[in-house]
Amino acid sequence: MNAPRVRFAPAPTGFLHVGSARSALFNWLYARHMGGTMVLRVEDTDVSKKTQEFVDAILEPLQWLGIDWDEGPYFQSDRIDSHKAAVDRLVADGRAYRCDLTRDQVEALSAEAKLSPGYYGWSRDREVAPGPGVVVRFRAPDHGTTVIDDVVRGRVEVAHETIEDFVISRGDGSPTFLIANAVDDHEMAISHVIRGEDLLNTTAKVMLLWDALGYGEPPTYAHLPLLVNEQRKKLSKRRDDVALSDYVAKGYLPEAMVNALALLGWGPPDEVEIRPLQEIVDLFTLEAVNKSAAFFDIKKLNHINAEYIKALDPARFTELVEPYMTADEAPWPAAAYRAEVVEALAPEIQQRIVNLSEAPTWVSWLFVPAIEHYDEKSWNKAMVKGRAAGRVLDEVIAALDDDPFDDPATIETAVMGVGNRLSEEFEVRVMSQAPVRVAVTGHSAGIPLWQAITLLGREATLERLRAARARLGG
RNA sequence: GCCCCCUUCGUCCAGUGGCCUAGGACGCCGGCCUUUCACGCCGGUAACACGGGUUCGAAUCCCGUAGGGGGUGCCA
């Protein structure tokens, strides 16, 4: 068997859809697994959307995912002459004909004939002359069956009676994607067409054109299960978060995204889900792709992303997180940010976040001059309801005054010592960490306190403790 | 309406006639660890849509039913 040639053929809609990304990935996995060729073809037959902006919106996310291609991008709009030639040939051969009926007229005719809505070859013998508004329709066979030998779906039969005389050239003379598909797949010697199940219905039409054009053996088809939302509906631009770029912005790692996408409609035989891309390439086969639609579950993506983040080495993590740390939305001025401090804290942050954009909240206390806003719940729990919070702060301030501040362990001993002493005094457990944490970080949840205090240093820590003590009053 | 496709835990995947009293992962619940939040570890919950066949034997094969989805454009 020759090395396969596959193609990813997105329409330039202005962004890359998660579903398209999954299709691209499966094409890519198959090509790489088989040592084949990946062709990229932009299907811009409709309007002229071939602006650099629209094209980049597709290509950039692909590159981000690590999906590369060996040929292209080709543009269908550049190949319009070939498509037109094919249309002319079909007309000349009597396999297609012109039609000047509008959509309304077609509907009226089917209603009049008491048939379900559709086109029933009304213009087959009308000898319509070419001209503006005149389309070309393929003369679909009245009898027989087209069989699609789909790698994932098996044998799919479509009776020719159910295929209407579909349009292959629009009223303005531009060819439709059906004819462009047949012509391009043929001329680009595509051996495997791997795409979403939503295109299964068009396959018989393209195969009919393929045959009418005398192209011989059609490519092998593989229709992937659809990606759906919680309501089990096809992922849609309007309702669902489908733009890959949004996931990029939120701080999902490409490795995690690609790993998660690979797990929708396919699974490795050994059941190891999180693994390097190369292993997925090695294990991937089209035959193992399943047939049923898959819900794109953000929870699973989150878990996978969290795993990849935890596995990052601190330097790399710091690098990746920098854009979020210095963004305008960050709780401190970009100039106050210090990467080496974050790197020191990296492992602590890494085990607490699901995506990179969450990183700043874990160090929101770090690069600001003082705590301006205490989390209300935290303050209430630790200071107001907390036992002897005022005493704890007083004594910790006193204890820390003498502390050398160079070692988390010493700080821990000092703060915990206060808690233990007060516990004895009041004969009830007094937690010293909570009030100190809230005073220093403004929140009851966070990275290990002793480390935080060490990083902050003596002056800032004492200042914050005193500020909180004053705020507490009493 | 018509055409096409699909149907294993809530979700994703494994399972291709006996290894299945159905396995893994996410989620959820419980526990351990812990003077924060997490991480980690341990345990639990939970499914072969239904009905008929075929077979010594069916989640796996066949038929039917039901449910879900996709398509039905001079979009792709």
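Numbered from 1 within each chain, the chains take letters A, B, ... in sequence-line order. All heavy atoms count here, side chains included; hydrogens, waters and symmetry mates do not.
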Got a sec, which residues hit ring pair (Phe, Tyr, Trp, His ring centres under 6.0 Å) with [X], two or more places apart in sequence or on another chain?
X	answer
F8(A)	none
Y120(A)	W122(A)
Y374(A)	W379(A)
W210(A)	H186(A), Y215(A)

Between protein and nucleic acid, restricted to nucleotides 67-73 of chain B and to nitrogen or oxygen atoms under 3.5 Å apart, what atom pairs and distances do you find?
residue	atom	partner	partner atom	Å
G69(B)	OP1	K233(A)	NZ	2.5
G70(B)	OP1	K234(A)	N	3.2
G70(B)	N2	N201(A)	OD1	3.0
G70(B)	N2	N201(A)	ND2	3.3
G71(B)	OP1	K234(A)	NZ	2.7
G71(B)	O4'	N201(A)	ND2	3.2

Please list, pair by pair, any protein nitrogen or oxygen found under 3.5 Å from a nitrogen or oxygen in nucleotides 18-21 of chain B.
none

Letter per nucleotide, 5' to 3', of nucleotides 22-31 of chain B [B base touched, S only sugar-phosphate touched, - untouched; heavy atoms, 4.0 Å]: -BBBSS----
Partners meeting salt bridge (charged side-chain N to carboxylate O under 4.0 Å, His left out) with D100(A) (sequence neighbours left out): R126(A)
Members of residues 374-394 of chain A that approach RNA chain B, where some heavy atom sits under 4.0 Å away: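 Listed by number, there are none.
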Those residues that, when tested against D211(A), pass side chain to side chain contact (heavy atoms under 4.5 Å, CB included) (two or more places apart):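 Side chain to side chain contact (heavy atoms under 4.5 Å, CB included) check on D211(A) returns nothing, list empty.
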Which residues share a side chain to side chain contact (heavy atoms under 4.5 Å, CB included) with E271(A), sequence neighbours left out: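 Result, side chain to side chain contact (heavy atoms under 4.5 Å, CB included) vs E271(A): none returned.
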ring-ring contact (aromatic ring centres under 6.0 Å, His included) partners of residues 410-436 of chain A, not counting sequence neighbours, each pair once: none
